[in-house]
Amino acid sequence: MKFWIQMTVVSLILLALGSPAVHICRLIGGNGLVGPGAAIANSEKVPSVMWEDLQQLDLKTGKAPANLKKLDGSVVRVPGFVIPLEDNEQSVSEFLLVPYPLACIHVPAPPPNLIVHVKMDKGKKVAFDLYAPIWAQGRLKIQTTQNMYTDSSYFMNGMLVEPYKPEKKAP
């Protein structure tokens, strides 16, 4: 009962603050950010793909522009927020990466071209905080996947997750 009271209070606060989405199913969870392990030294050399790039995939035709096609099958990193696809509130090996916190199917979900379905490499788990952005790094595929919540236009074999830090602009 205490859990539901907490969820109700948090939901009302978020609504009052004008939150873009209230994820009713999982407002409370996670224990801090982010595993597994330290950043790979080469992670800064991995190209970053932003949501503006991913959004260019045409949902009606499934066609991607050339700049997006060239990334298909490449190792990239994408910033975003974790929506867990497992019930463990500590860490997960499979999740949806979305452009804003607490996105979910209830409010409604972002369109498929703004969702990356991530499965971490075998044995790797990610500690998550629903409010903390991350960089997810892995092999990106333009591939429609379905899960119990929604469809996504992208799939990533996750290699590394690290806390989000804005990229440094070249002078």
Side-chain angles (χ1 to χ4, degrees), residues 2-39 43 46-57 59 68 76-120 124-138 140 144-169:
K2 184 177 180 183
F3 174 78
W4 291 109
I5 293 171
Q6 286 177 323
M7 284 185 55
T8 302
V9 169
V10 172
S11 296
L12 292 172
I13 291 169
L14 289 173
L15 285 171
L17 293 174
S19 174
V22 177
H23 192 282
I24 301 302
C25 294
R26 285 190 167 270
L27 284 171
I28 305 190
N31 66 341
L33 198 65
V34 157
S43 68
V46 173
S48 297
V49 178
M50 305 312 274
W51 294 104
E52 296 81 15
D53 302 319
L54 297 175
Q55 192 173 18
Q56 293 177 22
L57 179 71
L59 291 174
L68 194 53
V76 299
R77 62 191 216 137
V78 181
F81 295 85
V82 172
I83 299 298
L85 291 176
E86 301 167 7
D87 286 333
N88 187 337
E89 292 188 14
Q90 301 298 316
S91 61
V92 292
S93 60
E94 186 174 0
F95 59 92
L96 300 178
L97 187 68
V98 295
Y100 53 86
L102 302 173
C104 93
I105 60 157
H106 304 302
V107 287
N113 62 356
L114 288 179
I115 300 174
V116 180
H117 184 164
V118 180
K119 279 189 184 178
M120 296 303 293
K124 291 187 179 179
K125 293 252 183 192
V126 176
F128 65 94
D129 178 339
L130 295 172
Y131 301 98
I134 62 164
W135 283 105
Q137 180 175 311
L140 183 71
T144 300
T145 63
Q146 296 178 330
N147 59 68
M148 62 187 155
Y149 298 120
T150 191
D151 294 342
S152 65
S153 296
Y154 302 99
F155 179 81
M156 178 184 282
N157 292 94
M159 299 172 177
L160 172 72
V161 170
E162 55 190 352
Y164 175 83
K165 291 182 183 146
E167 294 181 323
K168 296 176 184 167
K169 303 269 184 186

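We count residues from 1, following the sequence as given.
Atom CD1 in Ile134 sits 9.5 Å away from atom CD in Glu162 (nearest 0.5 Å). For the atom pair Leu68 CG and Gln56 CD, the distance stands at 6.5 Å (nearest 0.5 Å).
No side-chain heavy atom of Thr144 sits under 4.5 Å from any side-chain heavy atom of Ser152. Ser91 places none of its side-chain heavy atoms less than 4.5 Å from the side chain of Phe128. Within the 4.5 Å cutoff, the side chain of Met120 has heavy atoms near those of the Val161 side chain. Side-chain contact between Leu85 and Val92: absent, with no pair of heavy atoms (C-beta onward) separated by less than 4.5 Å. In this structure, the side chains of Thr150 and Leu96 come closer than 4.5 Å at one or more pairs of heavy atoms. Residues Val78 and Val118 are not in side-chain contact: their nearest non-hydrogen atoms beyond the backbone lie 4.5 Å or more apart. Using a 4.5 Å cut-off on side-chain heavy atoms (C-beta onward), Arg77 and Glu167 make contact. Residues Trp135 and Pro163 fail the side-chain proximity criterion, which asks for heavy atoms closer than 4.5 Å.
At least one donor-acceptor pair under 3.5 Å links the side chain of Glu86 to the backbone N or O of Ser93. Between the side chain of Lys124 and the main chain of Gly158, no donor-acceptor pair closer than 3.5 Å is present. Proximity of a side-chain donor or acceptor of Asn113 to a complementary backbone N or O of Leu57 within less than 3.5 Å is detected. Remark: side-chain polar atoms of Tyr154 are paired, donor with acceptor, to backbone N or O of Leu54 under 3.5 angstrom.
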Side chain to side chain contact (heavy atoms under 4.5 Å, CB included) assessment of Phe155 paired with Lys119: CA-CA 8 Å; Phe155 179 81; Lys119 279 189 184 178; 3.9 Å; yes
Test log, rule side chain to side chain contact (heavy atoms under 4.5 Å, CB included), inputs Val82 and Leu130: CA-CA 6 Å; Val82 172; Leu130 295 172; 5.6 Å; no
Evaluation steps, side chain to side chain contact (heavy atoms under 4.5 Å, CB included), between Val49 and Trp51: CA-CA 7 Å; Val49 178; Trp51 294 104; over 6 Å; no
Intermediate values then yes/no, side chain to side chain contact (heavy atoms under 4.5 Å, CB included), Ile83 and Phe95: CA-CA 6 Å; Ile83 299 298; Phe95 59 92; 5.9 Å; no
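Salt-bridge formation is not detected for the pair Glu94/Lys125: no Lys NZ or Arg NE/NH1/NH2 atom is positioned less than 4.0 Å from an Asp or Glu carboxylate oxygen.
Shortest non-hydrogen contact noted between Ile115 and Val98 is CG1-CG1, 4.3 Å. Taking every heavy atom of both residues into account, Leu59 and Ser153 meet most closely at CD2-OG, 3.8 Å.
There is a side-chain donor-acceptor pair under 3.5 Å between Thr145 and His117.
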